[in-house]
Protein chains: 2
Amino acid sequence: MNSLSPRAKNKQEKEHRILKAALWVFCNQGYSGASMDAIAARAEVSKPTIYQYFGTKEQLFGAIMLSGRDRMLDAFSHPAPGEMVRDLYSFAWDYADTVMSPEFLSLARLIIAEAQRFPEIGRAYQASGPDRLLRGIMDYLITQRAAGHLVFDDAELAAQDLWALILSAPRNQALHIPDPLPNRADIARYLHNGLGVFLRAYSAHPSNDLASLATIIAAA
Amino acid sequence: MNSLSPRAKNKQEKEHRILKAALWVFCNQGYSGASMDAIAARAEVSKPTIYQYFGTKEQLFGAIMLSGRDRMLDAFSHPAPGEMVRDLYSFAWDYADTVMSPEFLSLARLIIAEAQRFPEIGRAYQASGPDRLLRGIMDYLITQRAAGHLVFDDAELAAQDLWALILSAPRNQALHIPDPLPNRADIARYLHNGLGVFLRAYSAHPSNDLASLATIIAAA
DNA sequence: ATTTTACTAAACCGATTGGTAAAATTATAC
DNA sequence: GTATAATTTTACCAATCGGTTTAGTAAAAT
């Protein structure tokens with residue numbers, strides 16, 4: 001089953017090496033600043049090999065963005081309904097760990113930087129990243145509303161508020177100041193506060209849920 | 001008093017033309033993608049003139065970022081305490097109009113793009129832009145707390161929450177998808193919702209303030 | 001054993017890059 | 001009106017860009 005010919009295997013490995021090297025160079029140098037020579041050198045591959053695999057620089061860039069985005073977001077799971085405050089808490093940390101990782105931030109910076117010159121890439125990222133994620137949060141929030149735990153009219157706005165309250169501040173700062181990254185204590189500060197504000201504004205039983213949140217935070 | 005020699009006048013005007021052209025080219029092409037020839041052409045000036053005025057490309061970039069940032073943020077005013085909900089509403093729109101303008105978004109994209117290669121520029125922007133603005137909001141919120149209109153422990157977190165609730169969603173989307181920009185109806189949707197959530201979580205008299213907000217929104 | 005595939009290093013292409021030396025232009029001083 | 005000093009431009013540099021070609025080689029398929 002898993003027996004690929006040595007040829008195909010080598011090819012696969014080389015393609016992966018090129019993609020990885022290209023992602024690194026593009027993220028660190030930007031699209032214009034990245035040279036095909038630099039990518040070839042980092043991938044330990046000759047330049048014509050890259051052109052044979054991916055065509056032009058622009059096509060290579062497109063391939064990078066697709067594979068990079070998928071790799072980073074596929075590992076992410078949406079919360080499954082359980083005890084709400086605990087769900088929200090673990091979701092928030094799961095999301096924070098993904099979004100605040102150096103690789104993810106570098107990719108986001110690259111997408112933002114090239115959004116004007118490659119509009120389709122920005123759109124594709126928004127659709128398959130934030131939008132898909134938002135949909136997952138919305139579904140969860142709607143479930144909890146049906147169970148009588150939350151109160152809101154517009155699920156999309158509620159989901160966006162949750163996102164914004166938890167990660168807007170540290171992410172924006174990290175986008176502007178890559179070094180040093182906010183540490184876990186900083187993120188925890190925003191995260192705990194954000195969840196508290198969300199519950200005060202959206203919970204059907206704020207005092208209960210805030211007490212739960214305090215317990216969870218104290219236990220962590 | 002205002003009598004500059006023709007030489008000095010010409011010099012001043014040329015410097016301004018170069019800065020303006022450079023800002024445009026850098027914002028549209030990124031640092032690496034921007035060529036000194038393109039800047040010279042747009043400024044209708046020869047390339048050596050630019051080098052005489054600003055030294056190297058890197059120094060020109062630094063000069064741009066300083067002047068561009070100052071020009072855009074100096075026009076912005078912090079809210080002066082009055083009727084709170086009305087203050088927050090007009091502040092929110094004032095801020096939204098500034099932050100969501102195409103020029104401001106382009107500059108933000110540029111800063112984010114080059115944050116790794118020019119860390120001091122990202123830091124300078126954060127300090128003189130978001131941080132200064134945040135300080136203004138904090139002062140206002142603290143005043144309102146002292147007057148018994150708001151309830152919170154951490155003024156910085158409260159200010160960041162206000163920011164995030166109002167503008168995080170549309171700004172993030174605009175950063176990823178420059179075209180089309182969210183229109184005023186979209187921004188109004190986020191803004192109204194964000195203010196509502198903020199008041200539910202932070203107001204000392206939520207029902208009163210939410211009613212005020214509804215009145216203001218209806219009147220607009 | 002031989003042919004084919006996949007690859008490499010290197011040189012090369014025209015165009016463009018950031019940057020400069022020297023000539024030409026301009027405004028000022030006499 | 002001419003000499004002089006400041007300012008700008010023309011013309012150019014070496015280096016690098018994305019991309020291709022060439023010549024040659026190691027290994028897999030036949």
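Just so we're on the same page: letters track the sequence lines, and every chain starts at 1. It should be emphasised that the depicted structure is a prediction, and the values quoted were computed from it without experimental measurement.
In this structure, A/D131 does not pair ionically with A/R135, as no charged nitrogen and carboxylate oxygen lie closer than 4.0 Å.
Not counting sequence neighbours, the partners of B/E156 by the side-chain hydrogen bond (donor to acceptor under 3.5 Å, both in side chains) test are A/R189. In this structure, the side-chain hydrogen bond (donor to acceptor under 3.5 Å, both in side chains) partners of A/R184, at least two apart in sequence or on a different chain, are A/D97.
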Sugar-phosphate means primed atoms, P, OP1 and OP2; the rest is base. With that split, encode nucleotides 9-20 of chain D 5' to 3' as B, S or - using protein heavy atoms under 4.0 Å.
BB------SBBB
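At whole-Å resolution of the value, CD in B/Q29 and C1' in C/dG18 are 16 Å apart. The nearest whole Å value for the distance from the CD1 atom in A/I50 to the C1' atom in C/dT8 is 13 Å. Rounded to whole angstrom, the span from the CD atom of A/E15 across to the P atom of C/dA6 amounts to 13 Å.
End-to-end axis angle of the helix from C/dA1-D/dT30 to C/dC30-D/dG1, using five pairs per end and rounding to 10°, comes to 10°.
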Given the rule in the side-chain contact (heavy atoms from CB on, under 4.5 Å) test, do B/L162 and B/L88 qualify, once you have shown the distances and angles that lead to the verdict?
CA-CA 9 Å; B/L162 178 60; B/L88 292 176; 4.0 Å; yes
Which donor-acceptor pairs under 3.5 Å do side chains of residues 169-178 of chain B form with protein atoms, sequence neighbours excluded?
unit_1: B/N172; atom_1: ND2; unit_2: B/S168; atom_2: O; d: 3.2
unit_1: B/H176; atom_1: ND1; unit_2: A/Q126; atom_2: OE1; d: 3.4
unit_1: B/H176; atom_1: ND1; unit_2: B/N172; atom_2: O; d: 2.9

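Ring pair B/F91/B/Y95 is parallel by interplanar angle, where below 30° counts as parallel and above 60° as perpendicular.
Phosphate proximity of D/dT8 to B/Y53: present, with a side-chain N or O under 4.0 Å from OP1 or OP2.
Heavy-atom neighbours of B/N183 CG from other residues, nucleotides or ligands within 6.0 Å: above the threshold of 12.
For residues 21-31 of chain B, no residue pair satisfies the side chain to side chain donor-acceptor pair (under 3.5 Å) rule, not counting sequence neighbours.
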